[in-house]
Amino acid sequence: KPVEPFDIVVFGGTGDLALRKLLPGLYHRDLDGQLEPQVRIFGAARGTLTREGYQKMVREALKQFVKEADLERAKVDAFIERLQFVRVDASGDAGWDDLRAALEEGTPNDIRVFYLAVGPGLFGTICKKLAEHDLRTPGTRIVIEKPLGTDFASAQAINDAVGEHFEEHQIFRIDHYLGKESVQNLVVLRFANRLFEPIWNATAIDHVQITVAEDLGAGERAGYYDQSGATRDMVQNHILQMLCLVAMEPPASLDADALRDEKLKVLRSLRPIVGDDVRSKTVRGQYRGGAIDGKPVPGYLEELNGHVSTTETFVVVKAEIENWRWNGVPFYLRTGKRLPSRHSEIVIQFKSVPHSIFGEATGGLTANRLVLRLQPNESVKLFMTIKDPGPGGLRLRDVPLNLSFAETFHIRYPDAYERLLMDVVRGNASLFMRKDEVAAAWRWIDPIRQGWEDFNMTPKLYAAGSWGPTDATALIARDGRNWYEDA
Ligand code: BG6
């Protein structure tokens, strides 16, 4: 179903995010008939470029980032026709009036989206310019994306600077993980099935693991990444958002504030990790050279051309939520670059049965486990203990009830950005972070990073292609548990 017609201005319109994700995402929505003919797309950037030049650039990008089968000539041409280019100097005065003129030409659409696909240093400046040059309309929305600061104070500064010119309901803070099909499915699984909710608590659940593993290194983004590290890059946003969806109380509805109120409560219930706990509840790692899939890959420092860095490319945090539902249930969070494969999942490990009647029977763990594979190969697996079939005595075995999405649904999965962009147009903020969530997440992260500094906890090296430093295994083993794929 088409969304209301809109105008979108992409600042950083010639940049990586725009060309790799945003414009291909808009193209796909167009292909599916969601964009009315009146929709207009404006690339804005500092460089000198003609409209034709920009159209050519985007055409190339589509060729590179959209599957060939989806590139229908007529559709591509029609999409390219929507594009205009405006040269704007984000921090100076040049171009702003041209942008206003371009937007006001013809029949402007009521909905006006400004997507700030630029560094956070420009968020405040651009908002100020939009106000000064009279570019805001009642239907204006502004989209920003991480890094939303590097700590609580800098995040507040961004929130304040943007908030000075836009109302909170106009501000859409993207966390692209919330746009993933599999992450949304987590909410459906929890709240559309009668089965889980009664046992979704400390009575039945032993612990939770959230892993986001990547085989890629910091690579071309090393400049940004080295200032950030795994904790700021992945834990503060994506992983904590997923933790919230696993741990929150049932919201009354999917209304943006109903949902975000519940997530906020989780963030505020996280037990602070301070002092000595930083040593026992966190692990930092950095990859050295190694091999992935048999191919040698360089270490992180080599990618930085020998520049000395204590940035972590791997992190484990044992998080605890201080409320009735989750008392005593650790959430082990783990993410890293140059791990053996790209692989994200949430594991809900249930407790074993209170008393086993099977005496000497061998095999089986008699503890259920729900594994939500987020990517790749989205699936939901519920491990059950069953009788190993056959005449030879009573043996137990763990087997999964396995719902593989690829086998069940033969459709293309929209990229996270496609869904989120359409939600911006619809004005639906459910899948976007509210400013107090961002602040609460930083408040929990900051003391951890402070602890690393105080204790001089530099990252432990791990070989590229391994599951991180041995400390990561030791941390969970101390609790008598292990990481799911090691099982
Ligand atoms: C981004 C991080 O937010 O998420 C990257 O900055 C990371 O470092 C990426 O690679 C992972 O996203 P996805 O969708 O590929 O899992």
Side-chain angles (χ1 to χ4, degrees), residues 12 15-22 24-25 28 65 115-120 123 143-150 155 158 172-186 210-245 284-287 292 297 300 303-304 309 311-315 333-346 372-379 405 412-421 431-433 437-438 441-442 445 459 464 468:
D16 190 62
L17 179 65
L19 296 177
R20 185 186 292 270
K21 295 282 186 187
L22 306 179
H28 269 293
F65 299 116
Y115 200 116
L116 275 45
V118 296
F123 292 166
V143 188
I144 56 178
E145 186 163 358
K146 68 158 243 282
L148 296 172
T150 51
I158 291 175
F172 290 77
R173 296 178 192 80
I174 287 217
D175 184 311
H176 79 281
Y177 266 63
L178 295 179
K180 288 183 190 275
E181 280 288 331
S182 48
V183 174
Q184 288 166 32
N185 191 42
L186 169 60
I210 303 180
T211 293
V212 179
E214 293 180 283
D215 52 348
L216 294 177
E220 287 155 20
R221 294 166 71 239
Y224 149 76
Y225 193 84
D226 198 47
Q227 302 299 315
S228 170
T231 313
R232 286 165 163 162
D233 187 51
M234 297 296 290
V235 181
Q236 188 272 342
N237 37 71
H238 310 321
I239 292 187
L240 282 184
Q241 285 292 322
M242 289 193 281
L243 174 144
C244 284
L245 296 181
R284 292 179 89 192
Q286 187 187 74
Y287 58 87
I292 295 182
V297 291
Y300 181 66
E303 286 179 344
L304 293 179
S309 165
T311 297
E312 79 282 355
T313 61
F314 174 93
V315 64
L333 315 178
R334 174 173 65 158
T335 185
K337 301 254 184 224
R338 290 286 193 225
L339 300 183
S341 59
R342 177 163 187 265
H343 155 135
S344 305
E345 65 197 1
I346 299 176
L372 310 174
R373 171 62 81 97
L374 305 175
Q375 61 185 29
N377 310 328
E378 292 82 348
S379 69
F405 285 73
R412 167 184 178 271
Y413 273 32
D415 184 70
Y417 282 93
E418 295 175 38
R419 165 74 193 256
L420 296 174
L421 279 163
L431 297 177
F432 298 81
M433 294 181 291
E437 285 181 80
V438 177
W442 280 120
I445 293 290

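We count residues from 1, following the sequence as given. In each ligand, atom 1 is the first atom listed, and ligand 1 is the first ligand listed.
Here R338 pairs with E303 in a salt bridge; the nearest charged N to carboxylate O distance falls below 4.0 Å. A salt bridge links R412 to E418: one of the charged nitrogens lies within less than 4.0 Å of a carboxylate oxygen. With respect to the salt-bridge test (charged N to carboxylate O, under 4.0 angstrom), the residues R373 and E345 qualify.
Contact check for E437 versus R173: no side-chain heavy atoms found under the 4.5 Å cut-off. At least one side-chain heavy atom of V438 sits under 4.5 Å from a side-chain heavy atom of Q236.
For ligand 1, residues of the protein lying within 4.0 angstrom by heavy-atom distance are K146, H176, Y177, K180, E214, R221, D233, M234, H238, K337, R342, Q375.
Applying the ring-ring contact (aromatic ring centres under 6.0 Å, His included) criterion to Y115, with sequence neighbours excluded, gives no partner residue.
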